[in-house]
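Small disclaimer: the values here were computed from a predicted structure and weren't measured. No hydrogens, no waters, no symmetry mates; every other heavy atom, side chains included, goes into these values. By convention in this document, chain letters (A, B, ...) are assigned in the order of the sequence lines, proteins followed by strands, and residues within each chain are numbered from 1.
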Amino acid sequence: MADPLKQERSDPPLPPAPKAGGIAARARAAAGPDYLDGLNLEQIEAVESLDGPVLVLAGAGTGKTRVLTTRIAHLLAAGRARPGDILAVTFTNKAAREMKERVGTMVGKAVEGMPWLGTFHSIGVKILRRHAELVGLKSDFTILDTDDQIRLMKQVIEAADIDEKRWPARVLAAIIDNWKNRGLSPADVPAGDAMSFADGRGKSLYAAYQERLKTLNAADFGDLLLENLRLFRAHADVLARYQERFRYMLVDEYQDTNVAQYLWLRLLAQGSKNLCVVGDDDQSIYGWRGAEVDNILRFEKDFPGAKVIRLERNYRSTGHILAAASHLIAHNEGRLGKTLRTEGEAGEKVTVTGAWDSEEEARAIGEEIEALARKGHKLSEIAILVRASFQMREFEDRFVTLGLPYRVIGGPRFYERAEIRDALAYFRCVCSVSDDLAFERIVNVPKRGLGDVALQTLHDYGRTNRVSLMEAARVLTTTEELKTKPRGALRDLVAAFDRWRGQLDQLPHTELAEIVLDESGYTAMWQNDRSADAAGRLENLKELVRSMEAFENLRGFLEHIALVMDVESGGATDAVNLMTLHAAKGLEFDALFLPGWEEGLFPHQRSLDEQGRAGLEEERRLAHVGLTRARRRARIYFSSNRRIHGLWSSNVPSRFLDELPEAHVEVREAAGGFAEPRSRFDAGSFSSRYDTPGWQRAQTRRGGGAEGAAGRFVRKPVTIEGEVVAKTGHGSSAFARGERVFHVKFGYGEVSEIDGNKLTVQFDKAGEKRVVASFVERA
DNA sequence: TGATGCTGCGTTTTT
DNA sequence: CGCAGCATCA
C-alpha cells in the first residue's frame, strides 16, 4: 500500500464553508435544527463549541451521550466535517455501538457508518495494520488474548531460567501491562520499577517478551496503543497525515484514560486542536487498572485555552437520591467540583437498613423486590449492586428459593470459556499457518498422543529453522525424529489443516467452522465427556458458529472476536439485575438495592491498605456511581455479620453512611437487629471506630434477637442523631383495616391494606403510600 | 494420561 | 469455606 490514507480520500467533497455569523446563530434564526430540540443551554454550548479544546464535565445522568452524539450530528449537518474526518473514541465496544446507533438515527443514512468511531483499541489496530511494517510487524499480525499472553510469558520466564513458581507469569504479565498502560517501552522503564520482578530482571524479561511477540508477528492489547505511540513518534510523516485527517476529535469517559491513551490523543490533537473530551472525575473508578484521574484534572493545563463546560442538570434521579449522592461525593478532595441539580420531584428518601447478617440482608431485599413486583414494577428495572462478586451468591441462593427470575450482569465472559478459545484457536490456525500460540493450544486437544516430548521437538525444530510450528510439524512427519505414533497424529493434523485451508474460499465460513470442529474430533471430545457441563459447552460451540453468521468470512470474524470479547446480551426477559458496582457504570434503574455497606467491604479494606486516601476516594466515587444509577428508589443495606473466607466477622457500618445527608435519608432496620460487639465479640482495638455517628446511630437501634426468625420487624424506636423518626410498633397485628394512623413523614391517614408488616395507607395529604407497620402509630 | 489430594488464596475488569 | 491450580501417584 503506497499510501494507505489515499483510498479514503474518495469521500465526497466538503460542502461550501458556512458563512460568517456562525452555524449556531443561523441555526437558531431558523428555529434551530431539530436535533438541538430539548437540549439545555449548557448542552447546546457543548454541542456547538466546535473549535479548540473543550472539556465537558458531565455529571451522572446529565445527558453526556446525548451531547456527544448530537455534537457529531452537528459537525456533519453543519458541513464542518465528513464522517471520515471525525475521530470518536470510547472505551467499550458497547459504548461505541450505542454511539454509532444514535448518530445513525440522528443523521440518517447520510452517514454510512463512521470509519473512525470505535474503541481506543479498535482504532489503534486499524492504524497499526496499515503501517505495521514500520514497527516490525506484518499487517496480518495476530492479537493475543490474556490467555495467550500468559502462556507466552511463561515461555519467556522459563527461557530466562527463572523459577516460574516463585515468579509467576501472570504477575509479570500484570506488571508489563501496567508499564504499557503508562506508555513505557522496555527502554523507558525506570530503574526503580524494573526492580520489581525476579530480582530486577523485569525489564529484560519485558524486552525478551516484546521480541518474542515480534517473531510471532503478534501484539497484545497493550501494544495496540503502545505501538501506535512508537509509530507516531518515529514517523512524523505518518503522524502528520492522521493529524490532518482527524479534524475533529471526541473522547468519551475521559476520566478513564490511561497515560498511553492520553499521550496518543495529545499527539493527534496537535494538528487541528479540536479535541473535545467528555467525562466526570467523580466517576473515575478504574484507577487500579491504569486510569489516571489526573488526565481530566489536568486537561486545562495540557490543552491551553480549553473551554470547560459543566453539565450539572440531572435528568435521571429524584431529588433525595441526587442530594444523597452529591453530599457523599463532596467528601472527596481533589475534584473539579460540580453541583448536580434536578428539577424533578424529591421522591422517596434514600433508605438505610441494617440487617443482622448477609442472609437476612438478602431475605429483606428479596421481600422488597417481591413487594415492588406485586405493585407492578418490572423486574428488569430493579438492580442489586454489590461491591464484590462473592456477595452475589447469597442473592442467587435466595432468588432461586423464591423463584424470582434474575440475571447476573458481568460474570464470566463467553469468549473466555475454554471451549470457545479452543474453537477459535482451530480457526486461527486455518486462517494463519504461523499462529504458533493457537497451534500450540489445540495440537493435542482432543488428545492425539502428542505429549511434552513431541511438542518440545516441534519447538526446537521451529526455533532453529525459524519456521512456524505448523511448518515444523509438516517437516517432522517426514523424518525419523518422532516416534511413529505422534508422527502419524501430526501428519493427520497437518493434512486436515491443509484441507480446511483449501476450503476456506470454497465453503461458507459457518459451514467450514462446523467441518473443522467435527473433523478435528473436537465436538466428539465433548460429546464423549460425561461431566455435567459438557452439554453446556456443546451448546456454546453451536452459539459460536451461529454468531459467525453476521460476518462475511472467517478472517473478519476473528478480527472482531479479538477486539470484542463481549457478546450481545439477549436480555429480553424480565429479570432482576445482579451485578458489581463497577459493572453498573453507565446503566440506570428505577429501583436500586445497595447491600454490603460495611467498613472493610465498602470501602474495601484492601483498597484502603494499598492506596490509602486515594483508595478511599476511589471507593467513595464508586459509592457515588452506585447511588446515581437509581432513578426513583435507592435502598442501602449493611449487615452486622458476614462470613468472609469461611470465618464470621462482625462489621461496623460503612463510613459512607455517615456521609449521607440526614435530611434525605430514612434509617430503617430489618429483622433481627444488630450485632453487639462489646458483649458478643471482643471489640478490642476497634473501639475507637465506634465513635462514629453511624455507629452511635446503630447503637440506638441495637437490640432484638439474633437469627430474626419469628419476630420480624420488632424494634426499638428508630432515631437519627437523637431525633425520633419512628416509634415502636406492636407488630403487624397491631393495625386493622380502616384504622386511623400517624406517620412522621406523611402525617395522618387511614389503613387500607395490610400485608404482613407492611401497610398501605391512604394519607390525607400525601396520598396512598406503603409503609412499614412499625413506622406508624395509632392516631 | 488421568485421577486424586494438597496448598494457597480470596476486590473491582475492558480491550 | 470453596475453589483453582498444581504435584504426585497409579
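- Here the separation of C:dG5 from B:dT12, taken at their P atoms, is 15 Å to the nearest Å.
- Each of A:K447 and A:Y286 lies near DNA chain B, and the nucleotide nearest A:K447 is the one positioned closer to the 5' end.
- Scanning atom types as modelled, no donor and acceptor separated by under 3.5 angstrom connect the side chain of A:R289 and the base of B:dT12.
- One atom, CG of A:L450, and another, P of B:dT1, lie 8 Å apart when rounded to the nearest Å.
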Any protein N or O atoms within reach of nucleotides 7-10 of chain B? Criterion: under 3.5 Å, listing atom names and distances.
| from | atom 1 | to | atom 2 | distance (Å) |
| --- | --- | --- | --- | --- |
| B:dG10 | N3 | A:H645 | ND1 | 3.3 |

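- The A:E610 side chain lies nearest to B:dT11 when the options are B:dG2, C:dA7, B:dT11.
- A centroid separation of 6.0 Å or more is found between the aromatic rings of A:Y262 and A:W264.
- Regarding A:F91, its CZ atom lies at a distance of 21 Å from the P atom of B:dT12, rounded to whole Å.
- The residue A:N444 sits close only to the backbone: its heavy atoms come under 4.0 Å of sugar-phosphate atoms, none of a base.
- Aromatic stacking is not marked for A:H582 over B:dT12, as the cut-offs of 5.5 Å for the centres and 30° for the planes do not both hold.
- Checked against the 6.0 Å centroid criterion, the rings of A:H121 and A:F91 do not qualify as a close aromatic pair.
- Nucleotides C:dG2 and B:dT13 have their P atoms positioned 22 Å apart, rounded to a whole Å.
- A donor-acceptor pair under 3.5 Å is absent between the side-chain atoms of A:R642 and the main chain of A:N651, judged by distance alone.
- If you take CH2 of A:W648 and P of C:dG2, they are 12 Å apart, rounded to a whole angstrom.
- The residues A:E253 and A:K64 are annotated as salt-bridged, a charged nitrogen and a carboxylate oxygen being separated by less than 4.0 angstrom.
- To the nearest angstrom, C1' of B:dT15 lies 13 Å from NZ of A:K180.
- In this model, the phosphate group of C:dG5 is not approached by any side-chain N or O of A:K165 to a distance below 4.0 Å at OP1 or OP2.
- Rounding to whole angstrom units, CZ of residue A:R387 and C1' of B:dT11 are separated by 5 Å.
- Between A:T580 and the phosphate of B:dT13, there is a side-chain N or O to OP1/OP2 separation shorter than 4.0 Å.
- Listed candidates were C:dC6, B:dT12, B:dT13. Nearest to the side chain of A:A583 is B:dT13.
- Residue-level contact check: A:G222 touches neither bases nor backbone, having no heavy atom under 4.0 Å from any strand.
- Cation-pi geometry between A:R620 and A:F656 is not satisfied (NZ or CZ under 6.0 Å from the ring centre, within 45° of the ring normal).
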A:R129 vs A:E559, salt bridge (charged side-chain N to carboxylate O under 4.0 Å, His left out): CA-CA, chis, key distance, verdict: CA-CA 11 Å; A:R129 289 220 188 274; A:E559 175 81 358; 2.5 Å; yes

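- In this structure, A:Q605 places its CD atom 16 Å from P of B:dT12, rounding to the nearest Å.
- Not less than 6.0 angstrom separates the ring centroid of A:Y637 from the ring centroid of A:W597.
- By the criterion of a centre-to-centre distance under 5.5 Å and near-parallel planes under 30°, the ring of A:W288 forms a stack with the base of B:dT12.
- Each of A:L563 and A:F390 was matched to the nucleotide of DNA chain B holding its nearest heavy atom; the match closer to the 5' end belongs to A:F390.
- In this structure, A:N93 atom CG and B:dT13 atom P are separated by 17 Å, rounded to whole Å.
- Shown are A:K585, A:R335, A:R621; of these, the salt bridge (Lys or Arg N to Asp or Glu O under 4.0 Å) with A:D282 is made only by A:R335.
- Atom CG in A:L581 sits roughly 15 Å away from atom P in B:dT11 (whole-Å rounding).
- In this structure, the nucleotide among C:dC3, C:dC6, B:dT12 sitting nearest to the side chain of A:R393 is C:dC3.
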